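Throughout, protein chains are lettered first and strands after them, A, B, ... in sequence-line order, and every chain is numbered starting at 1. Every value quoted in this text rests on a predicted model; they were computed, and no experiment measured them.
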Number of protein chains: 2
Amino acid sequence: MPKSSHRKKTPKPPEYLAPVADYFKVLSEISRLQILSCLREGAMNVSEIGEATGLGQANLSKHLKMLTEAEILSRQPQGVAVYYEIKDPMIFELCELVCDRLYERMQQKAEKFKRLSALSSFAK
Amino acid sequence: MPKSSHRKKTPKPPEYLAPVADYFKVLSEISRLQILSCLREGAMNVSEIGEATGLGQANLSKHLKMLTEAEILSRQPQGVAVYYEIKDPMIFELCELVCDRLYERMQQKAEKFKRLSALSSFAK
DNA sequence: ACTTTATATGACTATATAGTATTTTAACAA
DNA sequence: TTGTTAAAATACTATATAGTCATATAAAGT
(Lines give C-alpha, C1' and ligand atoms only; values in the text may rest on other atoms or scores of the structure.)
Protein backbone atom coordinates (compact mmCIF):
# COMPACT_ATOMS: atom_id res chain seq x y z
CA MET A 1 0.00 0.00 0.00
CA PRO A 2 1.27 3.47 -0.82
CA LYS A 3 2.47 5.51 2.10
CA SER A 4 1.33 8.77 0.61
CA SER A 5 -2.39 8.04 0.74
CA HIS A 6 -4.58 8.44 3.83
CA ARG A 7 -1.74 8.48 6.32
CA LYS A 8 -2.52 9.21 9.94
CA LYS A 9 0.82 10.35 11.30
CA THR A 10 3.52 12.87 10.33
CA PRO A 11 1.12 15.14 8.48
CA LYS A 12 3.77 17.74 7.77
CA PRO A 13 7.20 16.69 6.62
CA PRO A 14 8.60 20.20 6.98
CA GLU A 15 11.56 20.34 4.67
CA TYR A 16 11.46 24.13 4.80
CA LEU A 17 12.70 24.20 8.34
CA ALA A 18 15.87 22.19 8.02
CA PRO A 19 18.09 24.98 6.67
CA VAL A 20 16.87 27.32 9.37
CA ALA A 21 17.53 24.79 12.09
CA ASP A 22 20.98 24.15 10.63
CA TYR A 23 21.75 27.84 10.65
CA PHE A 24 20.80 28.20 14.30
CA LYS A 25 22.79 25.08 15.09
CA VAL A 26 25.95 26.75 13.84
CA LEU A 27 25.33 29.57 16.32
CA SER A 28 24.52 27.22 19.18
CA GLU A 29 28.06 26.43 20.36
CA ILE A 30 30.08 28.59 22.69
CA SER A 31 33.31 27.96 20.81
CA ARG A 32 31.88 29.21 17.55
CA LEU A 33 30.38 32.28 19.20
CA GLN A 34 33.81 32.90 20.71
CA ILE A 35 35.36 32.81 17.24
CA LEU A 36 32.76 35.18 15.86
CA SER A 37 33.27 37.48 18.79
CA CYS A 38 37.01 37.65 18.04
CA LEU A 39 36.46 38.41 14.42
CA ARG A 40 34.25 41.39 15.11
CA GLU A 41 37.39 43.49 15.19
CA GLY A 42 38.53 42.32 11.77
CA ALA A 43 40.18 39.46 9.90
CA MET A 44 42.50 37.10 11.79
CA ASN A 45 44.49 34.05 10.82
CA VAL A 46 43.98 30.69 12.45
CA SER A 47 46.88 31.01 14.86
CA GLU A 48 45.68 34.36 16.06
CA ILE A 49 42.18 33.08 16.57
CA GLY A 50 43.62 30.13 18.44
CA GLU A 51 45.52 32.40 20.79
CA ALA A 52 42.54 34.65 21.31
CA THR A 53 40.14 31.84 22.07
CA GLY A 54 42.32 29.13 23.58
CA LEU A 55 40.78 26.53 21.30
CA GLY A 56 42.89 23.61 20.11
CA GLN A 57 44.15 23.73 16.52
CA ALA A 58 42.21 20.80 15.11
CA ASN A 59 39.06 21.76 16.93
CA LEU A 60 39.34 25.33 15.79
CA SER A 61 39.91 24.23 12.23
CA LYS A 62 36.69 22.24 12.26
CA HIS A 63 34.69 25.09 13.66
CA LEU A 64 36.10 27.45 11.06
CA LYS A 65 35.18 25.02 8.33
CA MET A 66 31.66 24.83 9.65
CA LEU A 67 31.32 28.61 9.87
CA THR A 68 32.71 28.99 6.38
CA GLU A 69 30.37 26.41 4.91
CA ALA A 70 27.50 28.24 6.56
CA GLU A 71 28.76 31.32 4.69
CA ILE A 72 29.15 33.20 7.93
CA LEU A 73 32.90 33.50 7.49
CA SER A 74 35.04 33.97 4.40
CA ARG A 75 38.41 32.30 3.96
CA GLN A 76 41.50 33.95 2.47
CA PRO A 77 44.82 32.08 2.32
CA GLN A 78 47.82 34.38 2.52
CA GLY A 79 51.05 32.53 2.07
CA VAL A 80 51.20 29.79 4.61
CA ALA A 81 48.55 31.35 6.81
CA VAL A 82 44.79 31.50 6.31
CA TYR A 83 42.78 34.53 7.27
CA TYR A 84 39.14 34.33 8.22
CA GLU A 85 36.74 37.21 8.24
CA ILE A 86 33.09 37.89 8.97
CA LYS A 87 31.22 37.51 5.72
CA ASP A 88 27.69 37.95 6.98
CA PRO A 89 27.33 40.53 9.78
CA MET A 90 23.70 39.58 10.20
CA ILE A 91 24.84 37.13 12.87
CA PHE A 92 25.58 40.09 15.11
CA GLU A 93 22.04 41.31 14.67
CA LEU A 94 20.83 37.91 15.75
CA CYS A 95 23.14 37.80 18.74
CA GLU A 96 22.16 41.30 19.79
CA LEU A 97 18.49 40.50 19.63
CA VAL A 98 19.02 37.47 21.83
CA CYS A 99 21.34 39.24 24.25
CA ASP A 100 18.98 42.16 24.66
CA ARG A 101 16.11 39.85 25.37
CA LEU A 102 18.06 37.80 27.89
CA TYR A 103 19.11 41.02 29.59
CA GLU A 104 15.53 42.25 29.75
CA ARG A 105 14.45 39.03 31.38
CA MET A 106 17.14 39.22 34.01
CA GLN A 107 16.17 42.80 34.75
CA GLN A 108 12.54 41.84 35.11
CA LYS A 109 13.40 39.00 37.45
CA ALA A 110 15.55 41.31 39.55
CA GLU A 111 12.70 43.81 39.75
CA LYS A 112 10.25 41.13 40.75
CA PHE A 113 12.61 39.89 43.43
CA LYS A 114 13.10 43.39 44.74
CA ARG A 115 9.37 43.98 45.05
CA LEU A 116 8.76 40.64 46.73
CA SER A 117 11.64 40.95 49.13
CA ALA A 118 10.46 44.39 50.19
CA LEU A 119 7.21 42.77 51.33
CA SER A 120 8.90 39.99 53.24
CA SER A 121 9.59 39.70 56.92
CA PHE A 122 13.19 40.72 56.31
CA ALA A 123 12.27 44.21 55.23
CA LYS A 124 12.77 46.84 57.90
CA MET B 1 51.32 25.66 41.26
CA PRO B 2 48.22 27.79 40.87
CA LYS B 3 46.50 27.54 37.54
CA SER B 4 45.43 31.14 37.54
CA SER B 5 48.92 32.63 37.27
CA HIS B 6 50.84 33.02 34.01
CA ARG B 7 48.77 30.59 32.02
CA LYS B 8 49.37 30.19 28.34
CA LYS B 9 46.12 28.68 27.11
CA THR B 10 42.39 29.39 27.38
CA PRO B 11 42.85 33.13 27.77
CA LYS B 12 39.12 33.82 27.67
CA PRO B 13 36.72 31.66 29.61
CA PRO B 14 33.66 33.29 28.00
CA GLU B 15 30.84 32.73 30.43
CA TYR B 16 28.84 35.47 28.72
CA LEU B 17 28.26 33.34 25.67
CA ALA B 18 26.71 30.26 27.24
CA PRO B 19 23.16 31.64 27.59
CA VAL B 20 23.25 32.89 24.01
CA ALA B 21 24.44 29.55 22.70
CA ASP B 22 21.77 27.80 24.75
CA TYR B 23 19.09 30.03 23.29
CA PHE B 24 20.16 29.30 19.74
CA LYS B 25 20.34 25.61 20.59
CA VAL B 26 16.65 25.62 21.44
CA LEU B 27 15.94 26.95 17.95
CA SER B 28 18.28 24.51 16.25
CA GLU B 29 15.95 21.52 15.95
CA ILE B 30 13.40 21.00 13.24
CA SER B 31 10.84 19.55 15.61
CA ARG B 32 10.90 22.59 17.84
CA LEU B 33 10.67 24.95 14.89
CA GLN B 34 7.71 22.91 13.73
CA ILE B 35 6.02 23.41 17.08
CA LEU B 36 6.68 27.14 17.00
CA SER B 37 5.38 27.32 13.48
CA CYS B 38 2.10 25.71 14.55
CA LEU B 39 1.66 28.06 17.44
CA ARG B 40 1.92 31.15 15.31
CA GLU B 41 -1.80 30.90 14.78
CA GLY B 42 -2.56 30.85 18.49
CA ALA B 43 -2.59 28.65 21.57
CA MET B 44 -2.96 24.90 21.16
CA ASN B 45 -3.06 22.00 23.55
CA VAL B 46 -0.59 19.15 23.41
CA SER B 47 -2.85 16.77 21.51
CA GLU B 48 -3.53 19.37 18.86
CA ILE B 49 0.13 20.15 18.46
CA GLY B 50 0.81 16.45 18.19
CA GLU B 51 -1.69 16.07 15.39
CA ALA B 52 -0.40 19.10 13.58
CA THR B 53 3.23 18.08 13.76
CA GLY B 54 3.11 14.29 13.80
CA LEU B 55 5.53 14.20 16.73
CA GLY B 56 5.23 11.41 19.28
CA GLN B 57 3.64 12.28 22.58
CA ALA B 58 6.65 11.81 24.85
CA ASN B 59 8.99 13.50 22.43
CA LEU B 60 6.63 16.41 22.01
CA SER B 61 6.27 16.76 25.74
CA LYS B 62 10.00 17.07 26.15
CA HIS B 63 10.31 19.68 23.43
CA LEU B 64 7.48 21.68 24.98
CA LYS B 65 9.21 21.56 28.31
CA MET B 66 12.41 22.81 26.76
CA LEU B 67 10.67 25.65 24.94
CA THR B 68 8.82 26.61 28.10
CA GLU B 69 11.99 26.64 30.19
CA ALA B 70 13.58 28.86 27.57
CA GLU B 71 10.60 31.17 28.14
CA ILE B 72 9.70 30.97 24.50
CA LEU B 73 6.38 29.31 25.26
CA SER B 74 3.95 29.75 28.13
CA ARG B 75 2.02 26.88 29.66
CA GLN B 76 -1.62 27.00 30.73
CA PRO B 77 -3.36 23.89 32.07
CA GLN B 78 -7.09 23.87 31.34
CA GLY B 79 -8.79 20.96 32.96
CA VAL B 80 -7.09 17.82 31.82
CA ALA B 81 -5.49 19.48 28.82
CA VAL B 82 -2.52 21.84 28.71
CA TYR B 83 -2.38 24.74 26.34
CA TYR B 84 0.86 26.18 25.07
CA GLU B 85 1.26 29.59 23.54
CA ILE B 86 4.02 31.79 22.13
CA LYS B 87 5.32 33.89 24.97
CA ASP B 88 8.16 35.63 23.19
CA PRO B 89 7.41 36.53 19.54
CA MET B 90 11.00 37.66 19.09
CA ILE B 91 11.74 34.15 17.85
CA PHE B 92 9.80 34.97 14.71
CA GLU B 93 12.00 37.98 14.12
CA LEU B 94 15.01 35.73 14.40
CA CYS B 95 13.56 33.14 12.05
CA GLU B 96 12.58 35.78 9.53
CA LEU B 97 16.04 37.29 9.51
CA VAL B 98 17.55 33.88 8.87
CA CYS B 99 14.97 32.88 6.26
CA ASP B 100 15.37 36.12 4.38
CA ARG B 101 19.11 35.72 4.32
CA LEU B 102 18.95 32.13 3.16
CA TYR B 103 16.55 33.17 0.42
CA GLU B 104 18.87 35.96 -0.71
CA ARG B 105 21.73 33.53 -0.96
CA MET B 106 19.76 31.10 -3.06
CA GLN B 107 18.71 33.92 -5.34
CA GLN B 108 22.29 35.04 -5.74
CA LYS B 109 23.42 31.53 -6.55
CA ALA B 110 20.68 31.15 -9.11
CA GLU B 111 21.71 34.44 -10.71
CA LYS B 112 25.32 33.41 -10.78
CA PHE B 113 24.42 30.10 -12.35
CA LYS B 114 22.29 31.81 -14.94
CA ARG B 115 25.11 34.13 -15.94
CA LEU B 116 27.65 31.35 -16.10
CA SER B 117 25.42 28.98 -17.99
CA ALA B 118 24.67 31.68 -20.58
CA LEU B 119 28.38 31.81 -21.32
CA SER B 120 28.77 28.06 -21.62
CA SER B 121 28.87 25.92 -24.71
CA PHE B 122 25.28 24.88 -24.09
CA ALA B 123 23.95 28.34 -24.77
CA LYS B 124 22.42 28.83 -28.17
C1' DA C 1 -13.90 4.52 44.90
C1' DC C 2 -12.79 3.35 39.82
C1' DT C 3 -12.13 4.67 34.81
C1' DT C 4 -10.72 7.44 31.27
C1' DT C 5 -8.20 10.83 29.05
C1' DA C 6 -4.20 14.11 28.69
C1' DT C 7 0.26 15.13 29.89
C1' DA C 8 4.66 14.31 32.09
C1' DT C 9 8.52 11.49 33.47
C1' DG C 10 11.95 7.81 33.46
C1' DA C 11 14.65 4.29 31.14
C1' DC C 12 16.83 3.12 27.16
C1' DT C 13 18.92 3.28 22.34
C1' DA C 14 20.91 5.35 18.56
C1' DT C 15 23.04 9.09 16.52
C1' DA C 16 25.53 13.38 16.26
C1' DT C 17 29.25 16.09 17.48
C1' DA C 18 32.82 18.58 20.44
C1' DG C 19 37.28 17.80 21.66
C1' DT C 20 41.97 15.64 21.15
C1' DA C 21 45.95 13.18 19.20
C1' DT C 22 47.97 12.20 15.05
C1' DT C 23 48.91 12.50 10.31
C1' DT C 24 48.82 14.97 5.99
C1' DT C 25 48.98 18.74 2.92
C1' DA C 26 50.61 23.18 1.43
C1' DA C 27 53.55 27.24 1.25
C1' DC C 28 57.64 29.27 1.91
C1' DA C 29 62.86 29.31 3.10
C1' DA C 30 67.53 27.61 3.20
C1' DT D 1 66.11 18.82 -2.29
C1' DT D 2 65.14 19.27 2.74
C1' DG D 3 63.31 21.67 6.67
C1' DT D 4 59.89 24.56 8.88
C1' DT D 5 55.63 26.38 9.86
C1' DA D 6 50.44 26.77 9.34
C1' DA D 7 46.32 24.68 8.45
C1' DA D 8 43.41 20.80 7.28
C1' DA D 9 42.07 16.03 7.47
C1' DT D 10 41.59 11.59 9.78
C1' DA D 11 40.68 8.53 13.62
C1' DC D 12 39.10 8.12 17.96
C1' DT D 13 36.66 9.00 22.53
C1' DA D 14 33.33 10.93 25.31
C1' DT D 15 29.20 13.31 25.91
C1' DA D 16 24.73 15.13 24.73
C1' DT D 17 20.31 14.55 23.01
C1' DA D 18 16.36 13.18 19.78
C1' DG D 19 13.28 9.62 19.62
C1' DT D 20 10.63 5.68 21.58
C1' DC D 21 8.50 2.61 24.97
C1' DA D 22 6.70 2.08 29.25
C1' DT D 23 5.09 4.00 33.45
C1' DA D 24 3.43 7.70 36.49
C1' DT D 25 0.67 11.64 37.61
C1' DA D 26 -3.35 14.39 37.44
C1' DA D 27 -7.88 15.99 36.31
C1' DA D 28 -12.65 14.99 35.20
C1' DG D 29 -16.42 11.92 34.72
C1' DT D 30 -18.88 7.52 36.20
Side-chain angles (χ1 to χ4, degrees), chain A residues 8-14 17-36 38-39 43-70 73-85, chain B residues 8-14 17-36 38-39 43-70 73-85:
Chain A
K8 295 226 173 104
K9 274 270 179 174
T10 56
K12 271 194 204 167
L17 299 176
V20 182
D22 288 343
Y23 196 92
F24 283 129
K25 189 164 289 170
V26 175
L27 299 179
S28 73
E29 284 298 318
I30 297 181
S31 303
R32 287 192 286 272
L33 293 182
Q34 243 187 119
I35 294 169
L36 296 176
C38 282
L39 292 173
M44 292 174 79
N45 66 37
V46 179
S47 302
E48 290 167 342
I49 300 171
E51 279 178 34
T53 60
L55 296 172
Q57 187 268 319
N59 191 24
L60 178 53
S61 190
K62 283 199 293 187
H63 286 309
L64 289 169
K65 185 181 182 186
M66 203 168 170
L67 288 162
T68 305
E69 283 173 348
L73 297 184
S74 65
R75 197 190 106 107
Q76 300 136 11
Q78 275 187 27
V80 73
V82 176
Y83 282 78
Y84 285 89
E85 194 174 9
Chain B
K8 294 222 173 108
K9 275 269 178 175
T10 58
K12 270 193 205 167
L17 299 176
V20 182
D22 288 343
Y23 196 93
F24 283 127
K25 189 162 290 172
V26 175
L27 300 179
S28 74
E29 285 298 318
I30 298 182
S31 304
R32 285 191 288 271
L33 293 182
Q34 242 187 121
I35 294 169
L36 296 176
C38 282
L39 292 174
M44 292 175 80
N45 66 38
V46 178
S47 301
E48 291 167 342
I49 300 171
E51 279 178 33
T53 60
L55 296 172
Q57 186 266 322
N59 192 22
L60 177 53
S61 190
K62 283 199 289 187
H63 285 309
L64 290 170
K65 185 181 182 186
M66 203 168 169
L67 288 162
T68 305
E69 283 173 349
L73 297 185
S74 65
R75 197 190 104 107
Q76 300 136 11
Q78 276 188 28
V80 74
V82 177
Y83 282 77
Y84 286 88
E85 192 174 10

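The interatomic distance linking B:Glu51 (CD) with C:dT7 (P) rounds to 10 Å, in whole Å. Counting to the nearest Å, the C1' atom of D:dA8 and the CD1 atom of A:Ile49 are 14 Å from each other. Atom pair A:Lys65:NZ and C:dA18:P shows a separation of 13 Å (rounding to whole Å applied). Separating the CE atom of A:Met44 from the C1' atom of D:dA7 is a distance of 15 Å, rounded to the nearest angstrom. As a whole-Å value, the separation of B:Leu64 CG from C:dA6 C1' is 13 Å. What separates CE of A:Met66 from P of D:dA8 is a distance of 16 Å, to the nearest Å. The distance from atom CD of B:Gln76 to atom C1' of C:dT7 is 15 Å, rounded to the nearest whole Å. Rounded to an integer number of Å, the gap from B:Glu48 CD to C:dT7 C1' is 14 Å.
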> What does nucleotides 19-30 of chain C look like as a protein-contact string, B for base, S for sugar-phosphate only, - for none, at under 4.0 angstrom between heavy atoms?
Replying inline: BBB-----BS--
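Note: A:Ile30 CD1 to A:Leu55 CG = 10.5 Å, rounded to the nearest 0.5 Å. Considering OH of B:Tyr84 and CG of B:Leu36, their distance stands at 13.0 Å, rounded to 0.5 Å.
Within the structure, salt bridge (Lys or Arg N to Asp or Glu O under 4.0 Å) contacts touching residues 17-26 of chain B (residues at least two apart or in different chains) are A:Glu29-B:Lys25.
Contact detail for B:Thr53 and B:Gln34: the closest heavy-atom pair is O-OE1, 3.1 Å.
B:Tyr83 comes within contact range of no nucleotide atom at all, as no heavy-atom separation falls under 4.0 Å. As judged by a 4.0 angstrom heavy-atom cut-off over every strand, A:Ser47 is placed among residues touching the sugar-phosphate backbone only.
A search for side-chain hydrogen bond (donor to acceptor under 3.5 Å, both in side chains) contacts involving B:Ser47 returns nothing, not counting sequence neighbours.
For A:Tyr84 and D:dA8, the shortest distance from a side-chain N or O to OP1 or OP2 is below 4.0 Å. Within the 4.0 Å cut-off from OP1 or OP2 of D:dA8, at least one side-chain nitrogen or oxygen of A:Arg75 is found.
Listed for the A:Glu48 side chain is a donor-acceptor partner under 3.5 Å among the backbone atoms of A:Asn45. The main-chain N or O of B:Leu64 is found under 3.5 Å from a side-chain atom of B:Thr68 such that the two form a donor-acceptor pair.
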